[in-house]
Protein chains: 2
Amino acid sequence: MPTSIWLREDPPAQRSSPLSRERIVVAAVQLLDQLGTGGLTMRRLAQALDVTATALYWHVTTKEDVLDLALDQIFGDVPLPAATTDWRNDVRSLIRNWRAAMLRHPWAPNLIGRPMLGPHVLARTEFLQSALSRGGLAELELAVTTRLLANYVIGAALTEATFRQAGGEHAQARRHITASPTAYPVLNASGHLDPGRWTDDELFERGLDAVLATISTGPAPLTTR
Amino acid sequence: MPTSIWLREDPPAQRSSPLSRERIVVAAVQLLDQLGTGGLTMRRLAQALDVTATALYWHVTTKEDVLDLALDQIFGDVPLPAATTDWRNDVRSLIRNWRAAMLRHPWAPNLIGRPMLGPHVLARTEFLQSALSRGGLAELELAVTTRLLANYVIGAALTEATFRQAGGEHAQARRHITASPTAYPVLNASGHLDPGRWTDDELFERGLDAVLATISTGPAPLTTR
DNA sequence: ACCTGAACACCGTTCAAGT
DNA sequence: ACCTGAACACCGTTCAAGT
């Protein structure tokens with residue numbers, strides 16, 4: 001009995017489109033969203049693209065390369081706000097949606113051990129410095145404020161994403177605190193790590209307010225120490 | 001010829017001391033310092049302790065466990081500053097040596113995808129909130145300022161450690177900027193990423209000044225938005 | 001109680017070979 | 001130019017077995 005009849009020649013596998021750097025990055029982000037940092041594997045990435053793992057290395061030099069690209073990518077997905085005449089508000093919008101972009105991909109802050117120097121990130125920095133210089137900042141003041149704001153968002157996104165991923169560890173630490181009132185008097189009084197007390201959004205916005213209030217308009221220098 | 005004579009029974013291998021959680025953590029930090037995040041392997045860690053890789057699992061449940069312990073450990077190595085009557089200066093000292101602790105172990109910021117809730121970190125937070133409350137902060141204000149400062153150090157340490165590790169990528173991004181004066185007019189004018197312009201220490205200290213200046217002493221609320 | 005040895009199911013990456 | 005297959009040198013972790 002010739003079995004060849006039953007061997008349906010499946011339509012030539014329809015390798016949907018040719019492999020490309022861009023398709024790889026998109027698939028990588030998708031995989032990271034689903035499985036987290038530990039879930040991204042060259043083999044799994046290849047599988048998602050219907051290709052051998054080794055094929056990826058034609059388009060990409062290394063796995064680190066993929067991670068760099070994925071990290072920059074998520075900032076490309078969130079458009080820059082439109083610049084207005086209110087520079088202070090421009091700064092606020094940018095910083096807000098910067099944080100939002102990272103929290104939408106909770107693996108992103110974890111990856112920020114890698115230099116954030118991709119074009120999308122640079123475009124954001126350009127926007128930020130442009131708004132700040134419209135606010136009258138220049139030279140050292142400009143550099144300091146840029147770093148302050150950038151470090152604040154990065155730190156905030158990292159902290160918040162971490163807390164969201166960590167399951168019971170949060171609550172466990174809280175119990176550790178309440179169990180040792182002598183070691184942590186102030187933390188107990190202030191309700192540190194008490195989840196119901198304040199929201200992340202609230203704390204972030206108020207902190208941003210404080211930083212923005214810092215910025216002296218006009219020629220006055222930063223407070224000297 | 002009896003060879004047994006020549007088989008010097010080497011002194012019983014002197015497994016220097018019994019294996020323990022603590023010894024594991026110390027060895028882990030050492031390995032991380034030498035080889036970076038990617039260099040820490042359960043097998044290598046075991047080898048450094050003169051033990052089989054599988055032996056580690058008696059004292060530790062998982063590799064993640066080791067990483068958590070190592071991260072908290074480095075904050076135990078840097079003592080808390082002595083509290084003085086100048087609360088503002090106490091805050092400054094704490095934040096400064098917090099950053100220093102992380103920069104001394106450049107792999108640390110990379111690991112801060114893990115929740116920083118170890119006892120050493122909590123002790124630092126207690127110190128911080130204590131100083132701030134002596135400065136008159138409470139409730140929301142206290143929570144906001146705590147987060148603001150913590151996120152700032154974390155972001156700063158992460159950014160700086162990253163830049164130090166990244167070899168040519170820094171310079172490469174700088175060239176990308178200078179090559180596109182139309183896309184990055186402000187970044188070019190401000191000399192962004194120009195290494196010689198300002199030092200990390202300088203930028204960090206001035207940013208800290210700005211944040212500290214934010215803190216209203218007395219009953220006055222934070223600037224409302 | 002503490003450690004070893006062998007084994008399992010993975011990794012990232014290289015390289016010759018195919019088309 | 002682009003992709004496959006086989007192979008190399010690793011991983012983290014489990015589990016029975018030794019002492």
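- For the pair B:Gln34/B:Gln30, a side-chain contact is recorded, criterion being any heavy-atom separation below 4.5 Å from C-beta on.
- Side chains of B:Asp200 and A:Arg147 form a contact here, defined as non-hydrogen atoms less than 4.5 Å apart.
- Protein atom CZ of A:Arg44 is 15 Å distant from nucleotide atom P of C:dA9, rounded to whole Å.
- Taking 4.5 Å as the limit, some side-chain heavy atom of A:Val66 sits within range of a side-chain heavy atom of A:Leu40.
- The shortest distance between side-chain heavy atoms of A:Asn151 and B:Glu160 does not fall below 4.5 Å.
- With sequence neighbours excluded, the residues that form a side chain to side chain contact (heavy atoms under 4.5 Å, CB included) with A:Gln172 are A:Arg175.
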- [ ] Show your working on salt bridge (charged side-chain N to carboxylate O under 4.0 Å, His left out) between A:Glu139 and B:Arg197 and close with a plain yes or no.
- [x] CA-CA 10 Å; A:Glu139 297 293 321; B:Arg197 202 107 173 216; 3.7 Å; yes
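- The CZ atom of A:Arg23 sits 14 Å away from the C1' atom of D:dC2 (whole-angstrom rounding).
- With DNA chain D read from its 5' end, the first of the two nearest nucleotides for A:Thr54 and B:Thr54 is the one closest to A:Thr54.
- Taking atom CG of residue A:Asp65 and atom P of nucleotide C:dG12, one finds them 14 Å apart after rounding to whole Å.
- A cation-pi geometry, defined here as NZ or CZ lying under 6.0 Å from the six-membered ring centre and within 45° of its normal, holds between B:Arg99 and B:Phe204.
- Regarding A:Met42, its CE atom lies at a distance of 13 Å from the C1' atom of C:dT14, rounded to whole Å.
- With hydrogens and angles ignored, no donor-acceptor pair closer than 3.5 Å exists between the side chain of A:Thr52 and the base of D:dG5.
- Inter-residue side-chain proximity for B:Leu56 and B:Leu49 is flagged as met; some heavy-atom pair is nearer than 4.5 Å.
- Computed from coordinates, the A:Asp50 CG to D:dT4 P distance equals 8 Å when rounded to whole Å.
- Rounded to a whole Å, the CZ atom of A:Arg43 is 13 Å from the P atom of D:dG5.
- Residue contacts for B:Leu45: at a heavy-atom cut-off of 4.0 Å it reaches no nucleic acid atom on any strand shown.
- Contacts between residues 55-62 of chain A and DNA chain D, defined by a heavy-atom separation below 4.0 Å, involve A:Ala55, A:Trp58, A:His59, listed by number.
- In this structure, the CG atom of B:Leu19 is 13 Å from the C1' atom of C:dT4, given to the nearest Å.
- Contact detail for B:Phe127 and B:Asp90: the closest heavy-atom pair is CE2-O, 3.6 Å.
- Helical stems of DNA chain D (runs of at least 3 Watson-Crick or G-U pairs, donor-acceptor distances under 3.5 Å) are listed by first residue: C:4-8 with D:12-16, C:12-16 with D:4-8.
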